[in-house]
Every structure is written in structure tokens, then in C-alpha cells.
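First up is the structure itself, then whatever we jot down about it.
Proteins get letters first, then strands, A, B, ... in listed order; numbering begins at 1 in each.
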Number of protein chains: 2
Amino acid sequence: MREKRKLSQKQLGIDAGIDPSAASPRMNQYETGKHRPDPNMTERLCQVLGVPVAYLYCEDDDLARVVASFANLNDKDKRKILSMIDQIESLEG
Amino acid sequence: MREKRKLSQKQLGIDAGIDPSAASPRMNQYETGKHRPDPNMTERLCQVLGVPVAYLYCEDDDLARVVASFANLNDKDKRKILSMIDQIESLEG
DNA sequence: GCCAATACTAAGGATTCCTTAGTATGCGGT
DNA sequence: ACCGCATACTAAGGAATCCTTAGTATTGGC
């Protein structure tokens with residue numbers, strides 16, 4: 001259903017709307033942590049990547065997995081996760 | 001266990017290390033979306049608030065709940081959520 | 001009303017980003 | 001090996017954004 005092509009830094013930037021002549025350095029500056037994209041660009045990059053914006057800011061890998069997966073679940077499965085969390089918290093909270 | 005005091009914008013900034021004389025306008029600029037904190041300040045604000053950085057970037061409320069809750073779970077409960085997600089994805093992925 | 005605390009805004013110097021120009025590295029083909 | 005091309009990466013400065021100072025507006029308690 002969802003094709004998983006491999007993107008260069010530059011192509012990812014272009015797909016997100018950066019001028020092709022500037023896409024390579026900008027994307028590289030983002031990936032190396034030298035600079036960070038403004039909110040609009042962050043949103044567009046995440047759309048291209050198919051992940052929620054929050055995914056980029058997940059410190060630990062488990063949280064990142066949860067965020068990436070949860071965003072792609074259907075409503076029923078989302079409710080399943082949410083109610084499981086409710087249950088856990090009601091026991092220990 | 002965890003006390004939930006009510007913080008003014010200014011006090012939150014001070015607790016995160018902003019100079020008291022500048023905390024009020026800066027925090028207000030953040031909350032109104034006029035500017036955004038740099039990465040260090042973002043981290044510190046989130047520490048004071050007790051939420052993961054990713055929480056600030058959650059577009060929808062359900063995702064925000066999942067992020068905030070998951071971060072405070074113990075390892076066993078985290079594994080429970082993760083394996084549930086694994087299971088769901090293996091069925092529909 | 002008055003006072004204090006909080007919320008908010010303006011403007012400019014300080015900082016960071018985006019663009020241009022260019023170098024470096026990796027890799028397939030001959 | 002050499003060439004050619006795509007990709008990765010860097011430097012530097014004009015462009016954009018942020019942080020600070022100074023101040024106004026609003027809210028809540030007395």
C-alpha cells in the first residue's frame with residue numbers, strides 16, 4: 001500500500017518544497033544538527049516522511065516507535081491503546 | 001507523589017532558567033506562538049513541566065495523551081503497550 | 001477605586017537561519 | 001585506474017528570527 005522509496009537528503013528537501021538549488025545544504029544542516037527547520041518546513045518534512053511532527057522530538061526509541069505507530073492506526077485500534085493506558089494509570093496513578 | 005502547582009508564565013520561565021527580568025515576555029511570546037524557544041530552553045521547559053519534548057509537538061490530543069502517559073510508565077507497562085502495537089501491526093500491516 | 005500580579009506588545013540589538021558557492025566523498029561504468 | 005555524476009557536506013554573509021528592555025493592558029484581591 002505504502003511504497004517505501006529511498007530518498008536523498010536533497011530530494012527529501014525538494015519534495016518538502018525547498019528550492020532545488022538550496023535543498024542539499026539546508027537538508028544537510030538539518031541532519032547534522034547545525035540548524036533546524038522552521039515550523040512550516042518541519043511540518044512539510046514530516047508529511048513527506050509520513051510521521052507526526054512529534055516523532056522528530058522523541059528522545060528515546062521506544063517513545064518514537066509508539067508515536068510513529070499510533071499515528072497510523074485506525075480509530076478502533078487507537079481507542080484500544082488509549083483504553084489500555086487508562087486502565088494502567090487507574091491501577092497505579 | 002507529584003504536586004501539581006499552578007505556575008504563571010513568568011515563573012515557569014524562571015524555573016527553566018530564564019533571567020527573571022526577561023521571563024515574562026519571553027514565555028508569553030512562546031505561549032502566543034510569536035516565537036519559539038531554542039532547543040535547550042525547550043528541553044528545560046519540558047523538564048519543569050514533566051513532559052517529554054515530543055509532547056509539545058503533538059498535533060492531536062490523543063497522541064498527546066499517549067506521549068505524556070507513556071513517558072511516565074514503568075518498564076513493564078511500556079513493554080505491554082509496545083507489544084500490543086506490535087500485535088496490531090502484524091495483523092494489519 | 002486602588003494596588004499588585006499577571007498577561008501581553010513594540011522595537012531593536014543579538015542570534016540563528018537560508019542561500020550561494022564551493023569542496024569532498026562515494027560509486028557505477030568503461 | 002580514470003571519469004562522470006550523484007550525494008554529502010562546509011563557509012560565509014545577507015535575510016530572517018529571537019531575546020531583551022521598556023512599556024501598556026488586563027485580571028483579581030482588598
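Rounding to whole angstrom units, NE2 of residue A/H35 and C1' of D/dA15 are separated by 12 Å. In this structure, CG of B/D38 is placed 14 Å from C1' of D/dT20, rounded to the nearest angstrom. One interatomic measurement links the two molecules: CG of A/D19 to P of C/dT20, which rounds to 7 Å at whole-angstrom precision. Here the C1' atom of nucleotide D/dC19 and the CG atom of B/N40 are 15 Å apart, to the nearest Å. Per the geometry, NZ belonging to B/K10 stands 11 Å off C1' belonging to C/dA4, to the nearest Å. In this structure, A/L7 atom CG and D/dT7 atom P are separated by 10 Å, rounded to whole Å. Rounded to a whole Å, the CE atom of A/M27 is 14 Å from the P atom of C/dC17. For the pair A/L12 CG and D/dA8 C1', the computed distance is 14 Å after rounding to whole Å.
In this structure, B/P52 and A/L63 approach most closely via the heavy-atom pair CB-CD2, 4.0 Å. When all heavy atoms of B/K78 and B/L73 are compared, the closest pair comes out as CE-O, 3.4 Å.
Contact annotation: the side chain of B/M84 approaches that of A/M84 to within less than 4.5 Å [non-hydrogen atoms, C-beta and beyond]. Looking at A/K10 and A/M27, their side chains never come closer than 4.5 Å, going by heavy atoms from C-beta outward.
The main-chain N or O of A/Q87 is found under 3.5 Å from a side-chain atom of A/S90 such that the two form a donor-acceptor pair. Looking only at distances, a side-chain donor or acceptor of A/S83 sits under 3.5 Å from a matching main-chain atom of A/K80.
Surrounding CG of A/N74 are more than 12 heavy atoms belonging to other residues, nucleotides or ligands, all under 6.0 Å away. Shown here is A/Y30, whose OH atom has more than 12 heavy atoms of other residues, nucleotides or ligands within 6.0 Å.
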* Do nucleotides 22-30 of chain D as a string where each nucleotide becomes B, S or -: B if the base has a protein heavy atom under 4.0 Å, S if just the sugar-phosphate does, - if no protein is that close. => B--------
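A salt bridge links A/D86 with B/R65: the distance from a Lys NZ or Arg NE/NH1/NH2 to an Asp or Glu carboxylate oxygen falls below 4.0 Å.
For A/R26, the side-chain atoms get nearest to C/dC18 when compared with the rest of C/dA10, C/dC18, D/dC9. Ranking C/dT19, D/dT10, C/dC18 by closeness to the A/A22 side chain, first place goes to C/dT19. Here the nucleotide nearest the side chain of A/I18, chosen from D/dA8, C/dC18, C/dT19, is C/dT19.
If one axis is set at each end of the helix from C/dG1-D/dC30 to C/dT30-D/dA1 from five pairs, those axes are 50° apart, to 10°.
No hydrogens or angles considered: a donor-acceptor pair under 3.5 Å links the side chains of B/E89 and A/S69.
Listed pair A/Q29 / C/dC17 fails the phosphate criterion, with no side-chain N or O lying under 4.0 Å from OP1 or OP2. Within the 4.0 Å cut-off from OP1 or OP2 of D/dC9, not a single side-chain nitrogen or oxygen of A/K34 is found. Distances shown here put every side-chain N or O of A/Y30 at or beyond 4.0 Å from the OP1 or OP2 atom of C/dC17.
Each of B/E31 and B/R36 was assigned the nucleotide of DNA chain C with the nearest heavy atom; the assignment lying further toward the 5' end belongs to B/E31.
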